[in-house]
Amino acid sequence: MQRLVSAENKPIAIALAFILVILLIGTGYTLSTTGTAPLLSPNYLLQQLQIGAFLGICAAGIMMVILLGHIDLSIPWTLTAAAMTATAIGGDLAVPTALAVGVAVGLVNGIGVAWLRIPSMIFTLGVDTVLRGLMVAQTGGFAPQDTATPLMVFLAKERLLGIPAAIFVWAAVSLAIVVILTRTGFGRAIYATGSREAAAYLSGIRTRWVIVGAFVVSGVCAAIAGILLAGYSAKAYQGMGNVYLLPAIAAVVLGGTHILGGRGRYVGTLIGVILIVLLNSVLSIMQMPEAGRQIIYGGVIIAMLLVYGRNQRVLS
Amino acid sequence: MSGKFLTRWLQQNLGFAAAILLLVVLYLVYNILHPRGFSSAVAIQNSNEAVAIVFVAMAQTLPVLLGGLDLSVGAVMTLTNCIASELLHGSPAQILLGMIVTLLSGTAFGLMNGCIVVYGRIQPIIATLATGAIAIGLALLVRPKPGGDVDEDLSWALTNAVADFAETYGIADDGQAWWLSPFADIPVPVILVVIVAALVWIPFRRSVTGRTVYAIGSAEGSAYMSGLPINRAKIAAFTLGGLLAACGGLYLAIQTSSGNADIQQAGAYTLNSIAAVVLGGTSLLGGSGGAIGSLVGALILRVISFYFRILDIDPLLQPLIEGVVLLTAVSFGAFRTLRVKNKLDLFR
């Protein structure tokens, strides 16, 4: 109990409690209208998690960057570019090519932020615009006709042992991130650099490479999400990644990661993603119009942060 | 003496000076290449299309000066755009009231942002991410489908030259008065922007509250210890941001005679406003720059897009060129790293 309420875990505990509240409200609603409780059936939850995997993988990547106190706004078109190249290349090389796209975008982002020292907010935004331009020039502004390879479709849609394969991919990505953050020098260096880069630099951490590394992880995660999403819809299309950027940032922050870097646990991000996915699904069960969804969505983020995301008061 | 002053001003405002130079060169070349360049008609069309992003970029400047970021400016602009599209018709008094309500609603939204940031102590970037969603939701409530009803006279008068404005409302001998002729060809939107900049931004910048905004961006702790009104300045910055975003939304409604609660459009305006602020020489770390710079930055972004119309460029390549230009322009900021003597200064 002592550990549950420690400062670092407080956001996680509260977010978890909020997930239960969402489930209760949703179930109460369905019980009163149709007399069934689809929200509590394992099958429905697995289906929601399968859709949540796309968001979860994006959030895992962007969390690495946020821990550094930077941000990666190039997620949407990195995802789309990876998906489009994967479907265009096709065959066995589709998945490796998409991952290579992610690595390349991450390298460009990292170099711009770490060496050129351009604020990540604006540099990644520029990279995003360039990627969009490249893809529009490449595809002519339409959804490309190429279809996803069987492997991509399998990863996104099929089930393994009764559980969607996408959840296994998400779990693998999560495991990799947790290992990186808690068991490797790179992970420690991310927290150190995010807390105070000058101090990290003076203690011998090659902070520039740490920044590049984090952006590469973010790019690769976006690419994986792109592969899955292209597999799920059987093809790539324009702007397929646009809806993932802001929810991913929100999920990371709701999970207790500090937006200025240096603090945060991956479990929190995981719970943040589940919270957002379930909130969305309950709102769609209630057939909430888009206007109400946006208002509730914003209100929930503000309310949760008011409970635990408050900064220290500046006193000196 | 004046040379010395100029040198020092240049050193302090290098980004702003470069932005002005870039804008002047870009716009001159544009007019030379344009078949009907240097004409009132071209200036009117260009200024009409630039006003909304100029106001939104100015709105974004204030939170950026604090060292924060307002991700809701595009959404607030969209919300006020939708509100204005509902209200701007009827008798002159009704129209005026509609304008005031529009501007006040944007201001109130900015005030709410400010209160959440100050009293809720939530990081501006994440707080406005959430309030931006709320603003879009409200905009969808106000206007579920694109459309609207805006007074035609108003729309015509405010989107043309000064002479047309006078003619529409029958002032100054229907725009024929001798004293009006020097200004007759100036586009009204240009005048609106200048008025807002002169009446809102410059007095604010000179006030204690305005100076405090700069001080907070440089060093919040020191500003607090010096007894500056931190909370008041932060709230004022966000409130003013809301007002300026509302100016953008109001003008967009007048220009297009409609309102559109488009999430994509709101996001594009927000992101472009950040780009414009950076292009205008305001530091994203806070404490230096100004709304006039953002005005110039926004104009640069717009002029670049004007080029696509007169140059024979494949439309499919346009987004790519826009992106490359943006990336190149912000990459010039990297020259700062060459001038830094102590490497530790690089790390914020």
Side-chain angles (χ1 to χ4, degrees), chain A residues 69 71 73 112 115-119 121-123 125-141 196-202 207 239 242 246 249-250 253 258-260 289-302 305-306 309-316, chain B residues 69 71 116 120-123 125-127 129-142 144 220-225 230 261 263-264 267 271 274-275 278 283-285 314-324 326-331 333-334 336-337 340 343-344 346-348:
Chain A
I71 203 154
L73 298 183
W115 265 274
L116 301 182
R117 289 282 149 188
I118 299 162
M121 181 70 83
I122 191 73
F123 192 83
L125 174 62
V127 169
D128 191 56
T129 324
V130 169
L131 283 173
R132 189 189 72 165
L134 280 174
M135 287 305 117
V136 170
Q138 173 71 29
T139 59
R196 192 165 287 272
E197 190 173 357
Y201 174 78
L202 286 178
T207 56
N242 289 354
L246 296 183
I249 298 175
V253 175
H258 198 260
I259 190 91
L260 297 182
E290 182 69 16
R293 297 176 93 157
Q294 294 282 345
I295 294 174
I296 291 175
Y297 195 60
V300 164
I301 295 178
I302 292 279
L305 290 179
L306 281 178
R310 289 156 66 95
N311 295 323
Q312 298 285 314
R313 191 189 294 271
V314 173
L315 288 177
S316 63
Chain B
L69 207 61
L71 293 184
I116 291 175
R121 296 206 297 275
I122 300 177
Q123 279 299 322
I125 173 170
I126 197 74
L129 174 77
T131 55
I134 297 178
I136 284 290
L138 292 175
L140 279 166
L141 281 184
V142 174
E220 185 168 356
S222 315
Y224 178 82
M225 292 308 267
I230 301 263
I263 297 179
Q264 302 288 338
L271 296 180
I274 302 173
V278 173
S283 163
L284 278 181
L285 302 179
D314 185 352
L316 292 180
L317 289 179
Q318 285 181 11
L320 180 60
I321 296 171
E322 269 176 339
V324 170
L326 174 65
L327 205 54
T328 319
V330 297
S331 297
R336 181 179 67 94
T337 58
V340 168
K343 209 171 176 182
L344 285 178
L346 283 178
F347 306 132
R348 280 186 269 178

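Letters A, B, ... are given to chains in the order of the sequence lines, protein chains preceding strands, and every chain is numbered from 1.
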Fill in the blank from the handout: Assert top hit (heavy-atom pairs under 4.5 Å, partner chain B, pool Thr207(A), Leu202(A), Ile249(A)) equals Leu202(A)

Completion exercise
Under 4.5 Å to a heavy atom of chain A? For Leu138(B) that would be both

Fill in the blank from the handout: Of all heavy-atom pairs linking Ala291(A) and Leu140(B), the shortest is CB-CB, 3.5 Å

Exercise for the section: Report the distance from atom CZ of Arg132(A) to atom CG of Leu320(B), rounding to the nearest 0.5 Å. Expected result: 10.0 Å

Exercise for the section: Go through the atoms of Leu271(B) and report whether side chain, backbone, both or neither lie under 4.5 Å from a heavy atom of chain A. Expected result: both

Handout entry: Segment of Leu69(B) engaging chain A (4.5 angstrom heavy-atom cut-off)
Key = side chain

Practice task
Please look at Ile274(B) and chain A and tell me whether the side chain, the backbone, both or neither of the residue comes under 4.5 angstrom of a heavy atom of that chain.
Solution key: both

Practice task
Select one option (side chain, backbone, both, neither) describing which atoms of Val127(A) are under 4.5 Å from chain B's heavy atoms.
Solution key: both

Exercise for the section: For chain B, find which of Ile71(A), Ile295(A), Asp128(A) contributes the most heavy-atom pairs closer than 4.5 angstrom. Expected result: Ile295(A)

Exercise for the section: Would you give the length of the straight line joining atom CZ of Phe123(A) to atom CG of Leu284(B), rounded to the nearest 0.5 angstrom? Expected result: 13.5 Å

Problem - Region of Ile230(B) in contact with chain A, defined by heavy-atom distances below 4.5 Å - result: neither

Exercise for the section: State the CD1-CD1 distance between Ile302(A) and Ile134(B), to the nearest 0.5 angstrom. Expected result: 5.5 Å

Fill in the blank from the handout: Whatever's closer than 4.5 Å to a heavy atom in chain A on Leu141(B) counts as both

Completion exercise
When rounded to the nearest 0.5 Å, the distance separating OG1 of Thr139(A) from CG of Leu316(B) is 8.0 Å

Completion exercise
Nearest heavy-atom approach of Ile122(A) to Ala275(B) is CD1-CA, 3.5 Å

Problem - Leading residue by heavy atom contact count with chain A [cutoff under 4.5 Å; candidates Ala135(B), Gly323(B), Gly137(B)] - result: Gly137(B)

Completion exercise
Pair count under 4.5 Å, heavy atoms only, with chain A: among Ile126(B), Leu317(B), Ile125(B), Ile116(B), highest is Ile126(B)

Handout entry: Student check: side-chain heavy atoms of Glu290(A) and Ile263(B) closer than 4.5 Å
Key = yes

Handout entry: Asn242(A) CG to Gln264(B) CD distance, which is reported to the nearest 0.5 Å
Key = 5.0 Å

Practice task
Could you tell me which portion of Val324(B) (side chain, backbone, both or neither) has an atom closer than 4.5 angstrom to a non-hydrogen atom of chain A?
Solution key: both

Practice task
Tell me, for Leu134(A) versus chain B, whether the close heavy atoms (under 4.5 Å) come from the side chain, the backbone, both or neither.
Solution key: both

Practice task
Calculate, to the nearest 0.5 Å, the distance between atoms CG and CE belonging to Leu71(B) and Met121(A) respectively.
Solution key: 6.0 Å

Exercise for the section: Measure Leu131(A) against the heavy atoms of chain B and call it side chain, backbone, both or neither at under 4.5 Å. Expected result: neither

